[in-house]
*Asks:* 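Below: one structure in structure tokens.
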Amino acid sequence: MNTSFAKQLIHWHLKHGRHDLPWQKNKTAYRVYVSEIMLQQTQVSTVIPYYERFMATFPSVKSLALAPLDEVLALWSGLGYYGRARRLHAAAQQVHQQCRGRFPKTMEGLMALPGIGPSTAAAVLSLTYNQSETILDGNVKRVLARYHAVPGPVESTSTRNILWEYAKKNTPKEDAQIYTQAIMDLGATCCTRTQPNCTVCPFQNNCQAYLLNSIDDFPERAPPKKKNPEHQWELIFLIHDNHILMQQRPLSGIWGGLWHPPQIEDGEGSLHDWLRLHGYTKKDLSKQIKEKSFRHLLSHKTLIMTPHIVLLSQAKKPKGHAWKWVSLPDWQEYGIAKPVERVIKQLLHQSINTRRPI
DNA sequence: AAGCCGGGGGT
DNA sequence: ACCCCAGGCTT
């Protein structure tokens with residue numbers, strides 16, 4: 001074990017670490033666990049407001065376990081990676097039903113829960129119970145890759161194994177709680193990705209990358225994968241009698257379990273589909289869709305049909321099911337993806353400005 | 001091993 | 001624009 005590394009780091013953390021994060025208060029396995037899931041691939045500043053709302057609504061494992069998934073997704077909407085929310089909910093139910101509401105206190109026990117991998121399990125155990133377990137997140141990878149000038153792209157398995165070994169060697173038997181927080185804080189506030197603040201770093205005299213004057217070369221990155229071309233499709237916002245037509249997406253894939261307005265195009269989950277269910281012929285539909293005029297299709301009551309383009313970064317078309325007219329005052333109670341939320345807000349705003357009832 | 005999953009912040 | 005973020009799951 002590299003005792004010196006931990007001691008220096010803990011000493012640094014005493015003065016320069018973060019001590020006021022919401023999940024650092026009233027530390028319980030549940031509170032730390034929820035924070036760790038939210039923080040996966042998500043920055044602290046983004047998480048904080050979501051975390052506060054979430055914990056106010058679900059203060060205990062039991063309350064989360066007994067809540068419907070819809071409610072969990074609604075609180076999660078806007079945060080991204082919605083699979084995290086589904087697995088969080090499933091894990092809470094497992095803990096509630098199979099562990100009498102107590103989180104496992106072992107790596108194996110925690111990793112048996114959906115959504116918990118080695119890093120999250122170690123974070124829960126070290127931060128909550130001061131167990132000597134090792135994390136390897138983006139911060140730790142960066143710190144260690146620089147400290148040891150580790151060559152090779154951090155995405156590769158071999159480099160990751162090397163970093164795991166360093167990380168384990170550095171983890172102290174005592175004070176793992178403070179150490180875990182400390183190494184994340186160092187990565188987040190000092191050993192940052194760009195423009196690291198090496199002049200105040202406790203490892204300035206030990207960091208291989210700094211001594212080689214090549215901080216920017218570590219961690220090495222694999223060449224970027226080519227991204228899917230961004231595709232876009234039309235979502236149609238049908239608002240009728242103060243309700244908006246929405247459909248829920250299947251649990252797998254992008255925006256899993258979330259709600260959004262129907263797409264115009266033909267196919268499963270399209271507006272075509274929905275209208276056909278309501279007795280309109282295909283010929284009717286083609287004509288009216290082309291003209292973007294649905295006033296006579298649904299009702300002669302107030303109806304505003306507003307097509308909007310929602311841009312997604314994925315090439316898959318939405319497949320939805322479970323059509324539902326959602327009351328406009330209630331739409332925020334549903335899990336809605338961020339781009340969709342923006343359009344709905346804009347629509348409501350417009351209707352207020354133009355003083356047109358919808 | 002590679003792909004998938006989101007939205008935002010920093011540069 | 002591009003990179004990255006308190007990763008894990010699926011294929």
Side-chain angles (χ1 to χ4, degrees), chain A residues 17-18 21-24 31-51 73 76-88 90-91 110-128 133-143 145 153-161 163-164 167 180-189 191-196 216 219-228 230 249-258 260 310-316 335-342:
Chain A
R18 296 173 291 186
L21 299 172
W23 40 90
Q24 294 175 325
R31 288 177 56 82
V32 172
Y33 161 62
V34 171
S35 77
E36 287 301 324
I37 301 299
M38 285 191 172
L39 287 161
Q40 287 173 4
Q41 303 298 131
T42 311
Q43 297 188 22
V44 168
S45 58
T46 304
V47 163
I48 287 177
Y50 284 87
Y51 182 80
L73 284 172
W76 204 274
S77 72
L79 198 50
Y81 283 132
Y82 300 96
R84 293 183 295 174
R86 296 194 303 273
R87 290 186 276 267
L88 180 77
L110 282 174
M111 287 171 65
L113 296 169
I116 302 187
S119 207
T120 300
V124 170
L125 291 181
S126 61
L127 293 176
T128 311
E133 299 291 351
T134 301
I135 64 166
L136 186 64
D137 61 14
N139 290 311
V140 180
K141 283 179 186 169
R142 187 170 52 254
V143 169
V154 288
E155 292 87 353
S156 77
T157 304
S158 58
T159 306
R160 188 165 63 243
N161 289 340
L163 291 172
W164 265 115
T180 297
Q181 187 62 53
I183 194 163
M184 287 191 292
D185 287 355
L186 186 75
T189 68
C191 192
T192 49
R193 179 171 68 88
T194 59
Q195 301 175 7
D216 292 336
E220 187 179 322
R221 290 289 169 179
K225 315 163 238 180
K226 35 180 174 178
K227 284 197 292 189
N228 282 338
E230 293 199 341
R249 298 181 53 71
L251 290 181
S252 65
I254 194 166
W255 292 357
L258 269 54
H260 66 81
V310 174
L311 190 67
L312 285 187
S313 59
Q314 301 295 325
K316 287 182 194 155
I336 312 276
K338 208 67 177 178
V340 174
E341 178 185 323
R342 276 193 283 263

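Order of the sequence lines fixes the chain letters, A, B, ..., with proteins taken first and strands second; residue numbering starts at 1 for each chain. Everything numeric in this text was worked out from a predicted model, so none of it was measured.
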*Asks:* Does a side-chain N or O from A:Trp23 land closer than 4.0 Å to OP1 or OP2 of C:dA6, or not?
*Replies:* no
*Asks:* A:Gly187 near the nucleic acid: base, sugar-phosphate alone, or nothing, with a heavy-atom cut-off under 4.0 Å?
*Replies:* nothing
*Asks:* Counting just side-chain N and O atoms, does A:Thr46 come under 4.0 Å of either OP1 or OP2 of B:dG7?
*Replies:* no
*Asks:* Within the 4.0 Å heavy-atom criterion, would you say A:Thr157 contacts the bases, only the backbone, or no part of the nucleic acid?
*Replies:*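 Sugar-phosphate: the residue A:Thr157, judged by heavy atoms under 4.0 Å, touches backbone atoms but no base.
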*Asks:* Rounded to the nearest Å, what distance is computed from the CD atom of residue A:Glu155 to the P atom of nucleotide C:dC3?
*Replies:*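 It is 11 Å, rounded to the nearest whole Å.
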*Asks:* For the P atoms, the ones on C:dG8 and on B:dG8, what distance do you get once it is rounded to whole angstrom?
*Replies:* 23 Å
*Asks:* Output, in order, the C-alpha distance, side-chain angles, deciding distance and verdict of side-chain hydrogen bond (donor to acceptor under 3.5 Å, both in side chains) for A:Thr42 and A:Arg84.
*Replies:* CA-CA 12 Å; A:Thr42 311; A:Arg84 293 183 295 174; 3.1 Å; yes
*Asks:* Which listed nucleotide (C:dC4, C:dA6, C:dG8) is nearest to the side chain of A:Arg221?
*Replies:* C:dC4
*Asks:* Determine, stepwise, if the pair A:Leu136 / A:Arg160 fulfils side-chain contact (heavy atoms from CB on, under 4.5 Å).
*Replies:* CA-CA 9 Å; A:Leu136 186 64; A:Arg160 188 165 63 243; 4.2 Å; yes
*Asks:* Determine whether a donor-acceptor pair (one donor, one acceptor, N or O, separation below 3.5 Å) exists between the side chain of A:Thr42 and the base of B:dG6.
*Replies:*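 Yes, the side chain and the base share a sub-3.5 Å donor-acceptor pair.
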*Asks:* Looking only at side-chain atoms of A:Leu39, point me to the closest of C:dG7, C:dA6, B:dG8.
*Replies:* C:dA6
*Asks:* Find the distance A:Gln43:CD to C:dG7:P and express it as a whole number of Å.
*Replies:* 10 Å
*Asks:* Rounding to a whole Å, what distance do you find between A:Leu163:CG and C:dA6:C1'?
*Replies:* 16 Å
*Asks:* Could you state the atom-to-atom distance from OH of A:Tyr82 to C1' of C:dG8 in whole Å?
*Replies:* 17 Å
*Asks:* Once you round it to whole Å, what is the distance between P of B:dG6 and CH2 of A:Trp255?
*Replies:* 9 Å
*Asks:* Between the base of C:dC3 and the side chain of A:Arg193, is there a donor and acceptor pair under 3.5 angstrom?
*Replies:* yes
*Asks:* I would like to know whether A:Asn139 and A:Ile183 meet side-chain contact (heavy atoms from CB on, under 4.5 Å); could you show each step before the answer?
*Replies:* CA-CA 7 Å; A:Asn139 290 311; A:Ile183 194 163; over 6 Å; no
*Asks:* Please determine, by modelled atom types, if A:Ser77 and A:Glu341 share a side-chain donor-acceptor pair under 3.5 angstrom.
*Replies:*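 On atom types as modelled, these side chains do not qualify, holding no pair under 3.5 Å.
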*Asks:* Reckon A:Glu341 touches a base, only the sugar-phosphate, or nothing at all at heavy-atom distances under 4.0 Å?
*Replies:* nothing
*Asks:* Have a look at A:Ile135 and say if it touches a base, only the backbone sugar-phosphate, or nothing, with a 4.0 Å heavy-atom cut-off.
*Replies:*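 Touches nothing.
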*Asks:* Both A:Gln24 and A:Gly115 contact DNA chain C. Which one's nearest nucleotide lies toward the 5' end?
*Replies:* A:Gln24
*Asks:* Could you pick out which residue, A:Ser158 or A:Ile254, lies toward the 5' side of DNA chain B when each is mapped onto its nearest nucleotide?
*Replies:*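 Per heavy-atom nearest nucleotide, the more 5' residue is A:Ser158.
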*Asks:* For A:Trp23, check ring-ring contact (aromatic ring centres under 6.0 Å, His included) against everything at least two apart and list the hits.
*Replies:*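 A:Tyr51.
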*Asks:* In whole angstrom, give me the gap between the C1' atoms of C:dA6 and B:dG3.
*Replies:*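 It comes out at 22 Å once rounded to the nearest Å.
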*Asks:* Under 4.0 Å between a side-chain N/O of A:Arg84 and OP1 or OP2 of C:dC9, yes or no?
*Replies:*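 The answer is no; no side-chain N or O of A:Arg84 sits under 4.0 Å from OP1 or OP2.
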*Asks:* Picking from B:dT11, C:dA6, B:dG7, which would you name as closest to the side chain of A:Thr194?
*Replies:*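 The answer is B:dT11, which lies nearest to the side chain.
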*Asks:* Rounding to an integer number of Å, can you tell me how far A:Leu251 CG sits from C:dT10 P?
*Replies:* 13 Å
*Asks:* Taking OP1 and OP2 of C:dG8, is either one under 4.0 Å from a side-chain nitrogen or oxygen of A:Thr120?
*Replies:*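 Answer yes for this pair, as a side-chain N or O of A:Thr120 is under 4.0 Å from OP1 or OP2.
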*Asks:* Does B:dC5 have OP1 or OP2 under 4.0 Å away from a side-chain N or O of A:Gln41?
*Replies:* no
*Asks:* What's A:Val140 touching, base or sugar-phosphate or nothing? Going by heavy atoms closer than 4.0 Å.
*Replies:* nothing
*Asks:* Heavy atoms from C-beta onward define the side chain here; which of B:dC5, B:dG8, C:dA6 lies closest to that of A:Leu21?
*Replies:* C:dA6
*Asks:* What's A:Arg86 touching, base or sugar-phosphate or nothing? Going by heavy atoms closer than 4.0 Å.
*Replies:*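 Nothing, no nucleic acid heavy atom in range.
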*Asks:* First locate atom CD1 of A:Ile336, then atom NE2 of A:His260, and finally report the distance between them rounded to the nearest 0.5 Å.
*Replies:*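 Going from the CD1 atom of A:Ile336 to the NE2 atom of A:His260 covers 9.5 Å.
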*Asks:* Which part of the nucleic acid, if any, lies within contact of A:Leu127, taking any heavy atom under 4.0 Å across all strands shown: a base, the sugar-phosphate backbone alone, or nothing?
*Replies:*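 It contacts nothing in the nucleic acid.
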*Asks:* Is A:Arg342 close enough to B:dG8 that one of its side-chain N or O atoms is under 4.0 Å from OP1 or OP2 there?
*Replies:* yes
*Asks:* For DNA chain B, just give me the dot-bracket, please: Watson-Crick or G-U, both distances below 3.5 Å, ( ) intra-strand, [ ] crossing earlier pairs, | paired with another strand, . unpaired.
*Replies:* |||||.|||||
*Asks:* Any luck finding a side-chain donor-acceptor pair between A:Thr192 and A:Arg142 under 3.5 Å?
*Replies:* no
*Asks:* Roughly how far apart, to the nearest Å, are C:dC5 and B:dC5 at atom C1'?
*Replies:* 14 Å
*Asks:* Could you pull out all residues at least two apart from A:Arg342 that satisfy salt bridge (charged side-chain N to carboxylate O under 4.0 Å, His left out)?
*Replies:* none
*Asks:* Using the side-chain heavy atoms of A:Ala337, tell me which of these nucleotides is nearest: C:dC4, B:dG7, C:dG8.
*Replies:*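 Nearest to the side-chain atoms of A:Ala337, counting from C-beta on, is B:dG7.
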